[in-house]
Amino acid sequence: MHNPANYFEQEHARIGVLLHAHLLDLIGADFAGALQHFQRWQQALKHHIDIENTQLLPHIPARARWPARMYLLEHERIMLLADEYLLKLRHIAQHPPIDTTGQRQAILDLLDAIHALRHLLEHHHQREEIALANELPPELQQAVWGSG
């Protein structure tokens with residue numbers, strides 16, 4: 001039997017695998033692979049956010065630690081940062097540096113560019129895993145996230 005408190009954690013881990021694959025490609029200077037993995041992650045994240053916005057957030061109880069509006073605003077900010085990062089990543093993937101110094105600089109620039117997104121994601125996921133996982137009805141969480 002699943003522990004409802006783990007549904008958000010499991011969902012975030014499932015999506016996080018794609019972002020991790022992106023970062024591994026990036027560190028290896030495989031810019032085309034990094035772009036492909038990031039686009040898959042972004043698509044999975046968008047689906048995840050759509051589900052939360054439509055199926056979970058409307059059920060946040062009045063006594064909740066944070067209101068639905070805060071999660072909605074964070075979702076918007078996450079997607080905005082992801083879109084901004086994608087533009088930089090796409091540019092480098094389409095015009096990859098050919099020398100080692102250029103590759104290293106591009107990698108460093110992209111790691112710097114994704115830092116704010118990763119930081120926001122970490123804190124956002126913690127809020128969901130700590131608060132929402134305990135505030136939303138377990139049956140609802142199982143219905144939404146239980147099938148994996």
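Everything numeric in this text was worked out from a predicted model, so none of it was measured.
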Chemist: What are the two closest heavy atoms between Ile78 and Leu117, and how far apart are they?
Modeler: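 Residues Ile78 and Leu117, closest heavy atoms: O-CD1, 3.6 Å.
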
Chemist: Would a single hydrophobic cluster contain both Leu132 and Ile51, if residues Ile, Leu, Val, Met, Phe, Trp and Tyr are joined by side-chain heavy-atom contacts under 4.5 Å?
Modeler: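 Yes, it is one cluster - the side chains of Ile51 and Leu132 are joined through contacts under 4.5 Å.
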
Chemist: Is it true that Glu11 and Arg14 make a salt bridge, defined as a side-chain N closer than 4.0 Å to a carboxylate O?
Modeler: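 Salt bridge between Glu11 and Arg14, a charged N being under 4.0 Å from a carboxylate O: yes.
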
Chemist: Between the main-chain N or O of Leu120 and the side-chain N or O of His124, is there a donor-acceptor pair closer than 3.5 Å?
Modeler: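 It does not hold such a pair.
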
Chemist: Check step by step if side-chain contact (heavy atoms from CB on, under 4.5 Å) holds for Glu135 and His59.
Modeler: CA-CA 9 Å; Glu135 295 168 342; His59 300 282; over 6 Å; no

Chemist: Minimum heavy-atom separation for Arg40 and Leu18, please, with both atom names.
Modeler: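 Distance-wise, the nearest heavy atoms are O-CD1, 3.8 Å.
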
Chemist: So among Gln36, His20, His37, which one has a side-chain hydrogen bond (donor to acceptor under 3.5 Å, both in side chains) with Asp25?
Modeler: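 Per the side-chain hydrogen bond (donor to acceptor under 3.5 Å, both in side chains) rule, the option paired with Asp25 is His37, out of Gln36, His20, His37.
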
Chemist: Do Leu19 and Leu45 make a side-chain contact, defined as non-hydrogen atoms from C-beta onward lying under 4.5 Å apart?
Modeler: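 No - every pair of side-chain heavy atoms lies 4.5 Å or more apart.
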
Chemist: Spell out, yes or no, whether Ile130 and Ile60 are grouped together once hydrophobic residues are joined by side-chain heavy atoms under 4.5 Å, including indirect joins.
Modeler: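 The answer is no; the residues belong to distinct hydrophobic clusters.
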
Chemist: Can you check whether Ala133's main-chain N or O pairs, donor with acceptor, with Gln141's side chain at less than 3.5 Å?
Modeler: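 The answer is yes, because a donor-acceptor pair under 3.5 Å joins these two groups.
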
Chemist: Work out which heavy atom in Ala106 is nearest to a heavy atom in Phe31; give both atom names and the distance.
Modeler: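 Heavy atoms only, the tightest pair is CB-CZ, 4.0 Å.
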
Chemist: Is there a side-chain contact between Tyr71 and Asn53 in this structure, where contact means two heavy atoms from C-beta onward sitting under 4.5 Å apart?
Modeler: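 The answer is no; the side chains never approach within 4.5 Å.
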
Chemist: Calculate, to the nearest 0.5 Å, the distance between atoms CD and CG belonging to Glu84 and Leu89 respectively.
Modeler: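 Glu84 CD to Leu89 CG: 13.5 Å, rounded to 0.5 Å.
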
Chemist: Side-chain contact, heavy-atom cut-off 4.5 Å: Arg90 with Gln39?
Modeler: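 Yes, their side chains come closer than 4.5 Å.
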
Chemist: For Glu52 and His48, run side chain to side chain donor-acceptor pair (under 3.5 Å): C-alpha distance rounded to whole Å, both residues' side-chain angles, the deciding distance at 0.1 Å, then the answer.
Modeler: CA-CA 6 Å; Glu52 285 184 355; His48 171 87; 2.7 Å; yes

Chemist: Give the minimum heavy-atom separation between Ile107 and Ile27, together with the two atoms involved.
Modeler: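 Minimum heavy-atom separation between Ile107 and Ile27: CD1-O, 3.8 Å.
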
Chemist: Is it true that Leu57 and Leu73 fall in one hydrophobic cluster, defined by side-chain heavy atoms closer than 4.5 Å?
Modeler: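 Leu57 does not cluster with Leu73.
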
Chemist: Report the relative orientation of the aromatic rings in His91 and His95; use parallel for angles under 30°, tilted for 30 to 60°, perpendicular for over 60°.
Modeler: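 Rings of His91 and His95: tilted, as their planes differ by 30° to 60°.
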
Chemist: So which heavy atom on Phe38 is nearest to which on Ala82, and how close?
Modeler: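 Of all heavy-atom pairs spanning Phe38 and Ala82, the closest is CE2-O, 3.6 Å.
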
Chemist: Let me see the working for Leu24 and Asp30 under side-chain contact (heavy atoms from CB on, under 4.5 Å), right down to the final yes or no.
Modeler: CA-CA 9 Å; Leu24 290 177; Asp30 177 0; over 6 Å; no

Chemist: For the residue pair Leu72 and Pro67, establish whether any side-chain heavy-atom pair is separated by less than 4.5 Å.
Modeler: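 They are not in contact (no side-chain heavy atoms under 4.5 Å apart), so the answer is no.
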
Chemist: When rounded to the nearest 0.5 angstrom, what distance separates CE in Met70 from CD in Glu74?
Modeler: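 Atom-to-atom, Met70:CE and Glu74:CD are 4.5 Å apart.
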
Chemist: Check whether any side-chain heavy atom of Leu108 lies under 4.5 Å from a side-chain heavy atom of Gln105, and answer yes or no.
Modeler: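 Yes, close enough: below the 4.5 Å cut-off.
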
Chemist: Would you check if Glu9 and Glu128 make a side-chain contact, meaning some heavy-atom pair closer than 4.5 Å?
Modeler: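 Result no, sub-4.5 Å side-chain heavy-atom pair not found.
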
Chemist: State the CG-CG distance between Leu56 and Leu136, to the nearest 0.5 angstrom.
Modeler: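 One finds 6.0 Å between CG of Leu56 and CG of Leu136.
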
Chemist: Measuring from Leu35:CG to Leu86:CG, what's the distance to the nearest 0.5 Å?
Modeler: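 Here the interatomic distance stands at 6.5 Å.
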
Chemist: Could you state the interatomic distance from CG (Asn134) to CD (Glu129), rounded to the nearest 0.5 Å?
Modeler: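 With rounding to 0.5 Å, CG (Asn134) is 11.0 Å from CD (Glu129).
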
Chemist: Kindly give the heavy-atom pair with the smallest separation between Ala113 and Lys88, and that separation in Å.
Modeler: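 Minimum heavy-atom contact is CB-CD, 3.9 Å.
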
Chemist: Are His12 and Trp145 an aromatic pair by the rule of ring centers under 6.0 Å?
Modeler: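 Ring-ring flag for His12/Trp145: false, centres at least 6.0 Å apart.
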
Chemist: Give the cluster check for Ile49 versus Val144: same hydrophobic cluster or not, with ILVMFWY residues linked at side-chain heavy-atom distances below 4.5 Å.
Modeler: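 Shared cluster, no.
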
Chemist: So for atom CG, which belongs to Leu87, do other residues, nucleotides or ligands contribute more than 12 heavy atoms lying within a distance under 6.0 Å?
Modeler: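 More than 12 heavy atoms, drawn from other residues, nucleotides or ligands, come within 6.0 Å of this atom.
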
Chemist: Count I, L, V, M, F, W, Y as connected when their side-chain heavy atoms are under 4.5 Å apart, and connections chain through other members. Are Phe8 and Val17 then in the same cluster?
Modeler: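 Phe8 does not cluster with Val17.
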
Chemist: Is it the case that atom CD in Gln55 sees more than 12 heavy atoms from other parts of the structure closer than 6.0 Å?
Modeler: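 Yes.
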
